[in-house]
Amino acid sequence: MSERVIPLIDERQRKIGSHVPVIPAQLLNPDGLLADQRGRSLHDLRISVTDRCNFRCTYCMPKEVFDKDYPYLAHSDLLNFEEITRLAKIYIEHGVEKIRLTGGEPLLRKHVEKLIEMLAVLKTRSGKPLDLTLTTNGSLLRKKAQSLKDAGLSRLTVSLDGIDDHIFRQMNDVDFPVADVLDGIEAAREAGFENIKVNMVVKKNCNDQEIIPMASYFRNTGVTLRFIEFMDVGASNGWNMSEVVPSAEVIKKIHEVFPLTNIDPNYPGEVAERWRYVDGSGEVGVISSVTQAFCKDCSRARLSTEGKMYLCLFATEGHDLKALLREGRTDLEISNAIAQVWSHRVDRYSELRGSPELANKAKVEMSYIGG
Ligand code: SAM
Ligand code: SF4
Ligand code: SF4
């Protein structure tokens with residue numbers, strides 16, 4: 001099928017505020033020990049490298065909203081690779097050890113391998129290689145898997161919402177065949193990627209009948225399948241609690257067919273809860289952002305395509321780092337601005353979901369901020 005790239009932007013400029021962070025008067029060298037108002041450190045940075053996508057997943061970029069008239073970012077508004085790398089280095093000095101490239105569809109960003117090369121050589125504060133990963137819809141993986149590996153990408157997550165071709169085509173809403181994504185995953189294995197993860201967003205009466213077929217398909221493959229609760233990100237997906245399939249239900253369903261046992265997290269604060277098949281055929285995970293909020297351990301910052309720092313997936317305001325870069329601020333000034341922003345952070349949207357204090361607040365779109 002031919003590749004269709006649909007440029008987009010949401011109405012974020014009108015709905016979502018942003019401001020240029022203040023540079024504190026007294027500049028301190030970063031010590032890697034930043035803490036926000038709830039004592040959470042900064043370990044994980046998600047960088048959105050494009051606001052475009054060739055899919056129109058109904059829960060993320062519904063066609064009716066992200067149509068051909070949608071305004072999109074001008075190229076000059078995007079952070080360039082030097083700017084992204086410069087900010088990544090500053091974040092690393094504050095304790096970041098893991099960087100995930102996302103979008104939109106990150107493989108649509110021209111020469112993304114070049115950016116990966118630039119990031120892959122960075123070391124954490126303790127001198128270890130950075131954990132550099134990327135989340136993709138898999139549509140371009142057959143073409144790109146080897147170059148991503150060669151560029152130094154450590155790991156890969158592929159989003160896939162069903163194994164039935166008809167259902168998958170409905171979910172991506174651009175009639176993209178499931179066989180091509182599965183072939184992309186195969187290409188990633190051939191290129192030498194290990195521990196590939198597949199993420200499936202589960203939406204009731206939409207793709208929940210795919211839970212068992214997906215589990216069945218990925219057992220014994222070495223791929224870890226993770227089920228994500230449908231979230232109320234952004235303002236365009238018409239979220240409704242009744243469309244959420246709680247993770248506990250997903251696990252119960254699988255356990256009835258393929259018995260499971262709960263296993264320890266890989267590290268404290270891991271977002272996915274892990275389960276292993278009793279017969280040794282692999283593991284699955286569940287990410288329960290709605291039914292079991294994990295805000296108390298949330299150590300993620302997000303950097304949008306145009307260089308705004310967001311402190312939460314559900315943020316209502318961005319902090320414009322691109323403005324600081326382009327007005328010629330020094331690394332130390334930008335570092336202190338980031339520290340100041342993080343140290344004031346109080347976000348815990350998932351814990352407050354549905355409470356009056358969040359009512360009518362605009363939220364940034366997932367395709368802009370990155371998942
Ligand atoms: N295009 C890439 C992809 O689909 O993997 C990367 C960006 S996408 C925004 C990142 C992840 O967010 C995907 O796994 C997607 O399924 C997930 N996502 C998007 N909207 C969501 C929603 N409303 N609820 C839960 N997950 C969502
Ligand atoms: Fe595109 Fe990923 Fe959003 Fe689907 S989830 S529309 S592939 S950005
Ligand atoms: Fe982190 Fe915000 Fe998600 Fe809570 S809702 S886990 S603070 S991104």
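As the structure lists them, so they are numbered: ligands from 1, and atoms in each ligand from 1.
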Atoms of ligand 1 less than 4.0 Å from [X] heavy atoms?
X    : result
E105 : 1 (N), 2 (C)
N137 : 2 (C), 3 (C), 5 (O)
T102 : 6 (C), 7 (C)
G104 : 1 (N), 2 (C), 6 (C), 7 (C)
G103 : 7 (C), 9 (C)
S159 : 3 (C), 4 (O), 5 (O), 13 (C), 14 (O)

(message) As an exercise, identify every atom of ligand 2 less than 4.0 angstrom from a heavy atom of M61.
(response) 6 (S)

(message) I need the atoms of ligand 2 closer than 4.0 Å to a non-hydrogen atom of G104, numbered in the order shown.
(response) 8 (S)

Considering both backbone and side-chain atoms of [X], is one of its nitrogen or oxygen atoms within less than 3.5 Å of a nitrogen or oxygen in ligand 1?
X    : result
M231 : yes
T136 : yes
Y59  : yes
D161 : no

(request) Using a cut-off of 6.0 Å, state whether more than 12 heavy atoms not belonging to R189 lie near its atom CZ. (result) yes

(message) Is any side-chain heavy atom of H319 closer than 4.5 Å to one of H19?
(response) yes

(message) Is E351 close enough to touch ligand 3? Criterion: a residue heavy atom under 4.0 Å from a ligand atom.
(response) no

(message) Assigning hydrophobic clusters by single linkage (Ile, Leu, Val, Met, Phe, Trp, Tyr; side-chain heavy-atom cutoff under 4.5 Å), is V250 placed with V278?
(response) no

(request) May I ask you to decide if the ring planes of F168 and F55 are parallel, tilted or perpendicular, using 30° and 60° as cut-offs? (result) perpendicular

Around [atom], find the nearest protein heavy atom and jot down its residue, atom name and distance.
atom                    : value
atom 1 (Fe) of ligand 3 : C298 SG, 2.4 Å
atom 8 (S) of ligand 3  : L313 N, 3.3 Å
atom 4 (Fe) of ligand 3 : C295 SG, 2.3 Å

(message) On a heavy-atom basis, I'd like to know which of C53, S48, P62 is closest to atom 2 (Fe) of ligand 2.
(response) C53

(message) So for E229, does at least one of its heavy atoms come nearer than 4.0 angstrom to any atom of ligand 1?
(response) yes

(message) Check for me whether S48 has a heavy atom closer than 4.0 Å to any atom of ligand 1.
(response) no

(request) Would you kindly specify which portion of R353 sits under 4.0 Å from ligand 3, judged on non-hydrogen atoms: side chain, backbone, both or neither? (result) neither

(message) Between R274 and N266, is there a side-chain donor-acceptor contact under 3.5 Å, judged purely by atom types and distance?
(response) yes

(request) Using only heavy-atom distances, determine whether the side chains of R100 and T157 contain a donor-acceptor pair under 3.5 Å. (result) yes

(message) I'd like to check which ligand 3 atoms, numbered from 1 as shown, lie under 4.0 Å from a non-hydrogen atom of F314.
(response) 5 (S)

(message) Only heavy atoms of S350, strictly under 4.0 Å: list the atoms of ligand 3 that pass.
(response) 5 (S)

(request) May I ask you to identify, for T135, whether its side chain, its backbone, both or neither come under 4.0 Å of ligand 1 on a heavy-atom basis? (result) both

(request) Could you confirm whether C60 has any N/O/S atom lying under 2.8 Å from atom 3 (Fe) of ligand 2? (result) yes

